[in-house]
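Please read all numbers here as calculations on a predicted model, not as lab measurements. First the proteins, then the strands, lettered A, B, ... as listed; each starts at 1.
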Amino acid sequence: MLASDKASRDPRLPLKPEDVQAPDVLRVLRPDGTADPRHDPRVEQKDLLALYRLMLLNRALDERMVTLQRQGRVGFYIGSIGEEAAVLGSAFVMRRNDWLFPAYREHGATLMRGMPLQRFLCNMFGNREDPVRGRQMPCHETWAPGNIGSISSPLATQLPHAVGVAWAARLKKKDDVALAYFGDGSTSTNEFHTAMNFAGVFKVGTIFFCRNNQWAISVPLSKQTASESLAIKAQAYGMPGVRVDGNDLLAVIAATRAAHQRAREGQGPTLVEAITYRVRGHSTSDDPRAYRKDDEVKPWEELDPIKRLLGHLLHLGIWTEQEDAAVRKDIEEEIREATAAVENLPPPELESMFDDVFAKRPWHLEEERQQALSRR
Amino acid sequence: MLASDKASRDPRLPLKPEDVQAPDVLRVLRPDGTADPRHDPRVEQKDLLALYRLMLLNRALDERMVTLQRQGRVGFYIGSIGEEAAVLGSAFVMRRNDWLFPAYREHGATLMRGMPLQRFLCNMFGNREDPVRGRQMPCHETWAPGNIGSISSPLATQLPHAVGVAWAARLKKKDDVALAYFGDGSTSTNEFHTAMNFAGVFKVGTIFFCRNNQWAISVPLSKQTASESLAIKAQAYGMPGVRVDGNDLLAVIAATRAAHQRAREGQGPTLVEAITYRVRGHSTSDDPRAYRKDDEVKPWEELDPIKRLLGHLLHLGIWTEQEDAAVRKDIEEEIREATAAVENLPPPELESMFDDVFAKRPWHLEEERQQALSRR
Amino acid sequence: MAKMNLLQAVNDALRLEMRRNPDVVVLGEDVGKFGGVFRATQGLFDEFGGDRVIDTPLAEGGVIGAALGMSLYGLKPVPEIQFADFIYPAMDQIVNEVAKYRYRSGGQYACPMVIRTPYGGGIRGGHYHSQSPESLFIHTAGIKVVVPSNPYDAKGLLLSAMRAEDPILFMEPKRIYRAASGEVPEGDYTVPLEKAAVVREGQDVTVIAWGAMFHEAQEAVTQAAEQGIDCELIDLRTLWPVDIDTLAASAQKTGRVVVVHEAARTCGFGAEIVSLIQERCFVHLEAPLKRVTGYDTPFPYTLENDYLPRAPRILEGIVETARFEP
Amino acid sequence: MAKMNLLQAVNDALRLEMRRNPDVVVLGEDVGKFGGVFRATQGLFDEFGGDRVIDTPLAEGGVIGAALGMSLYGLKPVPEIQFADFIYPAMDQIVNEVAKYRYRSGGQYACPMVIRTPYGGGIRGGHYHSQSPESLFIHTAGIKVVVPSNPYDAKGLLLSAMRAEDPILFMEPKRIYRAASGEVPEGDYTVPLEKAAVVREGQDVTVIAWGAMFHEAQEAVTQAAEQGIDCELIDLRTLWPVDIDTLAASAQKTGRVVVVHEAARTCGFGAEIVSLIQERCFVHLEAPLKRVTGYDTPFPYTLENDYLPRAPRILEGIVETARFEP
Ligand SMILES: Cc1ncc(C[n+]2csc(CCOP(=O)(O)OP(=O)(O)O)c2C)c(N)n1
Ligand SMILES: Cc1ncc(C[n+]2csc(CCOP(=O)(O)OP(=O)(O)O)c2C)c(N)n1
Ligand SMILES: [Mg+2]
Ligand SMILES: [Mg+2]
């Protein structure tokens with residue numbers, strides 16, 4: 001009579017690194033640097049190296065922006081330290097014609113899809129060259145040339161958009177896939193439920209990619225839901241839900257590929273739960289020591305996705321410690337140069353504030369614009 | 001890797017009466033009028049007879065109100081024909097101190113909990129003796145003495161209220177249980193998700209009672225969700241989900257009792273999916289022939305809950321066909337008399353419109369009230 | 001020309017535009033086979049199929065959110081909210097997403113769509129089948145609000161809306177879905193957005209209304225004429241951006257203004273109209289700008305005809321305003 | 001007396017009332033151990049435990065909906081919406097449920113609660129950490145709206161609100177959470193709801209403001225005084241029901257009025273204030289009622305200080321209004 005009667009771990013306890021070794025969690029990278037051949041997505045070496053470099057860039061960028069924020073040079077930052085494999089592995093699977101709907105930690109994916117680093121940094125400074133014209137907070141970049149949706153602070157609102165895009169593609173007889181990122185906390189939102197349900201009913205090609213970093217600001221996963229896992233929530237919508245080691249780039253690629261194939265082939269949506277951990281504060285506005293102990297964090301730092309990929313590359317013999325050091329230096333330099341190039345650009349022009357509310361400026365915005373300008 | 005991989009019926013097909021015989025659906029009443037002793041809730045005979053009478057009253061009331069609506073004497077009606085066992089069986093389990101949050105078809109439950117028939121009918125006419133003072137449409141009755149929450153048209157908004165009540169009870173060290181009714185369509189709403197999730201996380205004593213009548217106005221269940229069942233959705237919230245033959249009074253009582261016991265004992269919430277069928281139109285505003293074939297309806301009419309209980313009573317030998325005919329006549333008379341007693345009561349007083357917006361009338365409502373009165 | 005009621009005019013506009021533009025899709029609860037609870041989408045499912053006339057699960061936020069995605073991809077969605085009273089589950093999608101998408105993406109994206117919704121009282125709908133929430137959306141930068149009062153405008157405005165570049169909330173006065181009927185051209189035509197109609201010219205008092213209440217206002221204006229008060233009657237048609245020039249010109253001429261709406265008075269759109277006019281026409285005003293509106297209570301069932309600002313109350317407002325002497 | 005900032009005053013009020021009334025519970029996202037993203041609930045979890053200071057899952061509709069149920073059962077919930085910009089997922093619960101529960105049950109039930117939420121711009125929050133949606137709720141019959149502008153009022157108004165019989169939306173001007181500081185009594189006291197404060201008496205122009213913009217208005221008023229314009233400065237404190245007598249008396253005296261708010265102009269609360277005053281004080285008015293407000297765009301990030309109606313713009317409005325000659 002009970003639909004749910006199998007024994008399982010107590011969802012009221014936090015996930016431990018050991019839990020990632022559970023049989024239902026897809027892993028590829030082993031501690032010794034080898035890849036489990038049963039699930040290895042067999043990524044080409046040049047792509048592996050490019051992905052590795054992008055992970056390093058992503059990490060370095062995050063570190064640098066936090067510093068700039070502390071120095072008062074940037075207003076706010078929210079990054080993906082420790083979650084790079086989840087972000088970049090999934091984005092890697094997506095084709096040029098596919099669409100990505102980031103939450104707000106997926107800057108690496110945006111860069112991968114062609115947003116120039118300088119333009120990204122313009123968004124950090126909210127200046128005149130910011131592609132969103134200084135209108136949103138930093139880390140709310142948009143990059144239409146890469147089919148990257150507009151980032152919104154209200155959580156999970158992008159999920160139904162990803163459903164709508166994939167649905168529209170199907171109606172237009174295209175096989176374009178849409179992937180939406182979101183966090184574990186966001187599974188509690190209205191939009192998670194609605195988007196999953198619509199996607200299930202209409203069998204649209206959407207990938208729901210959940211970065212389960214186990215925290216929603218100060219609220220741990222165990223207080224977010226009593227379900228056994230996040231992946232299991234897929235059952236409520238008649239779609240498959242998969243769990244994957246989110247710090248394992250190859251596993252993330254493998255899981256996302258499977259979901260992508262389903263989507264492309266008209267078999268419908270998939271929920272991917274990438275298990276990872278938010279090793280830093282939520283954003284530059286947060287201080288996690290107010291609500292969690294450092295020793296909970298430590299074991300997860302051991303599973304750092306960059307370390308793990310590096311181990312694999314060294315094992316494969318396609319990368320050396322020297323190359324590693326050199327490329328890290330290059331990246332630092334690249335970021336420094338790009339920052340220097342854009343940091344002192346002027347703010348957006350006052351009159352730009354009145355554009356883009358509508359396609360054309362109606363009389364009231366024209367009037368407000370005139371008033372604002374006359375005041376200058 | 002897939003969380004959901006067991007074979008099952010295709011959720012894109014409509015449920016058939018045979019589906020109610022699936023092993024995961026709790027049934028007690030057998031076609032021959034006997035009760036399956038393994039699950040028989042062993043209701044006292046006098047209660048059984050009282051429940052049967054209430055089912056008849058509920059049915060007769062629904063039929064009568066539809067007639068009055070057609071005659072233009074009542075503005076609107078929405079009833080529970082064919083769903084009486086689900087409504088009354090579940091309400092029967094609830095104690096006096098427990099709370100009920102109806103959707104809008106559970107008038108039988110309200111009457112069971114002490115709302116006088118005449119007062120109920122006052123709500124039909126929206127007159128001066130209407131307990132909600134003629135403010136809401138018919139069938140939006142409220143009866144605080146019976147701990148019946150206020151009925152709202154926006155679907156499923158009562159679900160988090162039932163969570164809040166049960167939660168508050170626990171905080172006040174009481175074991176009061178709250179039961180919320182809703183339909184299959186309502187599982188798609190924001191509030192279903194939120195209320196289920198909160199209830200799971202805080203383990204509150206709420207019973208989520210879903211009347212799966214397989215239609216949401218013109219939208220069939222198969223277009224509402226792609227999940228295997230509605231009960232399975234409970235897994236997404238770490239609570240048990242049970243399926244029960246919703247046209248089987250005894251099965252409904254048994255399933256609700258189990259949920260009630262869990263709730264009372266602090267073991268948390270339960271989702272009950274009572275499988276039934278909306279054999280009539282959605283409400284007096286609806287004409288189902290515009291979207292479904294009559295022959296889909298027929299087989300479900302065979303499973304009429306009143307017929308099935310009558311069969312059982314006759315089998316038990318505690319009821320006769322003669323008594324049956326007599327009580328049906330009594331009931332008709334009771335409704336006729338109650339209607340006659342209240343139909344011509346005057347409408348609410350104009351000034352009552354300005355009460356109860358707030359505890360006290362602020363200046364602006366006092367002003368509007370004066371204006372309205374001066375116009376009379 | 002054909003005789004149509006407002007509902008048929010809406011239906012006709014949808015059908016014509018779906019024939020003309022293959023990117024138009026209609027989605028919402030019960031809009032498919034059933035043709036909508038008011039039958040506004042009747043016949044569309046049969047003509048255009050389930051891919052373009054879509055019954056959705058019961059979640060308004062999903063309807064609008066999915067429509068936004070469709071719009072990004074190049075479709076022109078026409079989502080329906082079954083009753084305006086049920087728009088709140090979609091509030092976040094409308095206010096924080098649809099209305100801001102163009103702006104916040106720096107103009108990289110846009111999500112034009114027409115959100116159709118029946119609104120207003122007078123059908124014995126009580127709290128939740130009677131609301132007029134227009135002012136919430138007028139306050140929201142990035143969305144336009146259109147309300148027709150007759151079949152001709154309904155069809156012409158809806159056709160315009162479906163060809164516009166911005167998100168539009170198209171509110172249909174359900175009380176007069178069937179009661180408002182008239183001659184409507186059978187083929188394609190448009191009525192311009194953002195242009196009010198001066199339905200009657202007059203010298204004494206400007207009366208501003210829209211939707212179902214326009215007809216109450218018209219009745220009051222006729223009665224006022226019998227009392228020798230010559231009203232100028234304006235049907236806004238597009239509430240926002242409002243046709244300020246027409247309003248200001250009329251107010252300057254008459255110096256006396258009555259605004260009518262069925263939404264609650266406080267922070268209703270009437271307040272904005274009053275403010276705009278007094279800002280522009282202060283020296284011309286000869287009487288306080290008058291609001292005749294719904295009361296500041298939830299919408300009641302039995303007393304709905306007392307709640308609504310019907311002709312007698314409007315007439316009272318007109319007379320009071322006409323007779324006002326400083 | 002103790003020196004407190006506005007945040008500490010809010011925290012103090014919560015603590016005192018939780019000590020006094022065991023039925024008060026605080027719930028919301030991150031309000032528990034963390035003490036809220038602004039730390040408004042700091043220390044409450046330690047003092048009152050997880051049963052009364054509750055971290056909820058991430059769903060604003062659930063927070064308000066559950067609070068409603070708690071309230072029916074006799075608790076006094078004080079839910080927090082982390083930022084007013086995130087109130088829309090709870091819009092249906094607030095507008096259709098909380099605000100109407102007493103009315104629609106014929107007075108059989110009531111659901112008093114205090115919904116706390118930080119609002120407003122000026123902290124570099126862009127579109128979604130800056131909004132001022134007060135007018136949406138003022139338009140909604142059945143809920144009151146309170147906004148303090150200083151620590152003394154914050155504590156006293158919040159204590160009053162937690163003892164009131166109606167649902168109250170308590171909006172906290174986050175821009176001045178720390179900047180507004182002053183002497184606050186340590187124990188229990190209340191500031192009455194629905195009473196505005198005339199902070200400065202004056203003869204020439206009435207200036208009406210609230211929240212963070214009150215301080216901008218105050219600065220402008222001081223500067224106006226230097227130019228010989230003697231302003232009467234009113235801090236509304238309760239937005240709705242507004243203290244109409246104080247407003248009308250002042251407008252009658254000065255005949256000139258400036259209303260300031262940071263929400264977008266169109267259909268903002270300023271429009272209602274303008275309408276109410278011109279209805280009551282028409283013959284006394286010597287200039288158009290002036291609104292100095294946020295612009296009709298989403299709230300911008302980089303240009304937020306241009307968007308906000310800061311002192312220089314307010315001063316301009318005051319001067320224009322003072323000098324207006326018909
Ligand atoms: C609707 C809404 N409510 C609240 C917030 C405030 N908020 C910002 S991030 C966050 C936690 C999100 O957690 P999760 O979804 O797990 O994503 P993560 O940050 O961990 O990647 C909260 C509560 C918000 N942005 N939107
Ligand atoms: C939020 C909301 N959206 C739409 C409606 C209109 N509506 C009323 S009943 C109904 C169908 C409900 O179906 P279900 O939940 O299965 O309940 P049933 O009527 O079958 O008992 C709809 C769409 C509503 N009342 N509330
Ligand atoms: Mg998280
Ligand atoms: Mg149903």
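With a 4.5 angstrom heavy-atom cutoff, D:Tyr295 touches chain A via backbone and side-chain atoms both. Only the backbone of A:Glu349 comes within contact range of chain D, judged by heavy atoms closer than 4.5 Å. A:Ser285 does not touch chain D: none of its heavy atoms, backbone or side chain, sits under 4.5 Å away. Heavy atoms of A:Leu365 lying under 4.5 Å from chain D belong exclusively to its side chain. Contacts between A:Val357 and chain D at a heavy-atom distance below 4.5 Å involve the side chain alone, from C-beta outward. In this structure, chain A has heavy atoms under 4.5 Å from both the backbone and the side chain of D:Tyr307. Proximity to chain A (any heavy atom under 4.5 Å) is restricted, for D:Glu316, to the side chain, taken from C-beta onward.
Contact check on A:Arg278 versus A:Glu83 returns no salt bridge, with no Lys/Arg side-chain nitrogen under 4.0 Å from an Asp/Glu carboxylate oxygen. A salt bridge links A:Asp356 to A:Arg135: one of the charged nitrogens lies within less than 4.0 Å of a carboxylate oxygen. Looking at A:Arg361 and A:Asp355, a side-chain N of the basic residue comes within less than 4.0 Å of a carboxylate O on the acidic one, giving a salt bridge.
Ring planes of A:Tyr291 and D:Phe34: perpendicular class, angle over 60° (limits at 30 and 60°). Classification of the A:His107-A:Tyr77 ring pair by plane angle, with boundaries at 30° and 60°, yields tilted.
Using a distance-only test at 3.5 Å, with no hydrogens or angles considered, a donor-acceptor pair links the side chain of D:Asp85 to the main chain of D:Gln131.
Heavy-atom pairs under 4.5 Å with chain A were tallied for D:Leu58, D:Thr297, D:Asp306, D:Thr266; the largest tally goes to D:Leu58.
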